[in-house]
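For this chain, numbers begin at 1 and follow the sequence in order. Because the structure is predicted, anything quoted here is derived from the model rather than measured.
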Amino acid sequence: MSSTPLVLNLVEGSVSFSFSPQAARELKAAINQLMESLKAVSTKPASGGKVNPQPPLEYRYTGDVFLEIFCNPNIWPTPFAAKVLLTIRDVSIRLTTEAELTRVIEDINQYLEQVG
């Protein structure tokens, strides 16, 4: 495990926890796929046709803590408006809250820069 904690900034406050660089890279890849889904949903066909529903992001990580991130790309008008549902828990505490997707992306990128 990395000694550098991942800090996720929430709408009000932040949460930090032990997270591996490999898990951060996997989460970044999952979020990149989510961004593609969000872009597909926000790009409405010019012919007025129906947009194909996109699969949700359902990321899970188990380490020192359990982290789950969920986002349904079909309900957000743009990637910049999207929020994710975060659940972080261990044996003594459970936190469930929303976070802005763009902020989570920035936090993961910053973490990956720190850990190299």
Side-chain angles (χ1 to χ4, degrees):
M1 284 287 161
S2 171
S3 61
T4 303
L6 171 62
V7 177
L8 294 177
N9 290 288
L10 309 172
V11 175
E12 292 185 18
S14 64
V15 62
S16 65
F17 51 92
S18 179
F19 201 61
S20 74
Q22 178 60 34
R25 286 187 284 275
E26 291 169 6
L27 176 54
K28 183 175 180 173
I31 288 177
N32 287 343
Q33 289 179 336
L34 173 64
M35 289 297 286
E36 291 303 314
S37 295
L38 285 160
K39 289 175 186 173
V41 169
S42 68
T43 308
K44 307 254 190 275
S47 62
K50 190 172 182 180
V51 175
N52 290 333
Q54 298 293 313
L57 166 67
E58 296 182 62
Y59 174 84
R60 288 182 182 87
Y61 166 79
T62 303
D64 288 349
V65 298
F66 172 80
L67 169 67
E68 183 176 52
I69 298 178
F70 176 83
C71 182
N72 180 350
N74 302 296
I75 63 173
W76 302 104
T78 69
F80 304 105
K83 292 187 180 179
V84 297
L85 179 64
L86 293 172
T87 300
I88 302 165
R89 70 173 195 245
D90 69 5
V91 294
S92 59
I93 192 168
R94 177 187 181 111
L95 170 69
T96 301
T97 188
E98 277 188 336
E100 296 170 344
L101 176 60
T102 53
R103 185 68 237 185
V104 171
I105 292 169
E106 290 173 17
D107 293 341
I108 293 167
N109 289 337
Q110 183 178 14
Y111 172 79
L112 287 170
E113 287 174 14
Q114 288 175 351
V115 297

Could you pull out the closest heavy-atom pair between [X] and [Y], with the gap in Å?
{"X": "Pro56", "Y": "Pro73", "result": "CA-CD, 3.6 Å"}
{"X": "Trp76", "Y": "Cys71", "result": "NE1-SG, 3.8 Å"}
{"X": "Ser20", "Y": "Tyr111", "result": "C-OH, 3.6 Å"}
{"X": "Ser16", "Y": "Pro5", "result": "CB-CB, 4.3 Å"}

Which residues pass the side chain to side chain donor-acceptor pair (under 3.5 Å) test with [X], sequence neighbours left out?
{"X": "Thr78", "value": "none"}
{"X": "Lys39", "value": "none"}
{"X": "Gln33", "value": "none"}
{"X": "Glu98", "value": "none"}

Check against side chain to side chain contact (heavy atoms under 4.5 Å, CB included), Val15 and Leu95
CA-CA 9 Å; Val15 62; Leu95 170 69; 4.0 Å; yes
Audit row: Tyr61, Phe66, ring pair (Phe, Tyr, Trp, His ring centres under 6.0 Å) steps and yes/no:
CA-CA 6 Å; Tyr61 166 79; Phe66 172 80; 8.8 Å; no
For [X], give me all partners under side chain to side chain contact (heavy atoms under 4.5 Å, CB included), at least two apart in sequence or on another chain.
{"X": "Ser14", "answer": "Val7, Asn9"}
{"X": "Asn74", "answer": "Val41, Pro53, Gln54, Asn72"}
{"X": "Val104", "answer": "Leu8, Ile31, Val84, Ala99, Ile108"}
{"X": "Glu12", "answer": "none"}

Looking at Ile69, Leu57, Thr96, which one forms a side chain to side chain contact (heavy atoms under 4.5 Å, CB included) with Leu85?
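That would be Thr96.
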Compare all side-chain heavy atoms of Arg94 with those of Thr87 and state whether any distance is below 4.5 angstrom.
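In contact.
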Going through the distances and angles, do Leu38 and Leu101 end up as a side chain to side chain contact (heavy atoms under 4.5 Å, CB included)?
CA-CA 11 Å; Leu38 285 160; Leu101 176 60; 3.4 Å; yes
Worked verdict on Leu67 versus Phe17 for side chain to side chain contact (heavy atoms under 4.5 Å, CB included)
CA-CA 10 Å; Leu67 169 67; Phe17 51 92; 4.1 Å; yes
Heavy atoms of other groups near Phe70 CZ, more than 12 under 6.0 Å
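Atom CZ in Phe70 is packed in, count exceeds 12.
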Can you sort out the partners of Glu68 under salt bridge (charged side-chain N to carboxylate O under 4.0 Å, His left out), two or more places apart, ordered by chain and number?
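By the salt bridge (charged side-chain N to carboxylate O under 4.0 Å, His left out) rule, Glu68 matches Arg60.
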Please list all pairs passing the salt bridge (Lys or Arg N to Asp or Glu O under 4.0 Å) test where one or both residues lie in residues 105-116, with sequence neighbours left out.
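Of all non-adjacent pairs touching residues 105-116, those that pass salt bridge (Lys or Arg N to Asp or Glu O under 4.0 Å) are Arg103-Glu106, Arg103-Asp107.
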Do Leu10 and Leu86 pass the side chain to side chain contact (heavy atoms under 4.5 Å, CB included) test, and can you show the C-alpha distance, the side-chain angles, and the key distance before you say yes or no?
CA-CA 10 Å; Leu10 309 172; Leu86 293 172; 3.6 Å; yes
Residues forming a ring-ring contact (aromatic ring centres under 6.0 Å, His included) with Tyr59, sequence neighbours excluded
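Here no residue qualifies.
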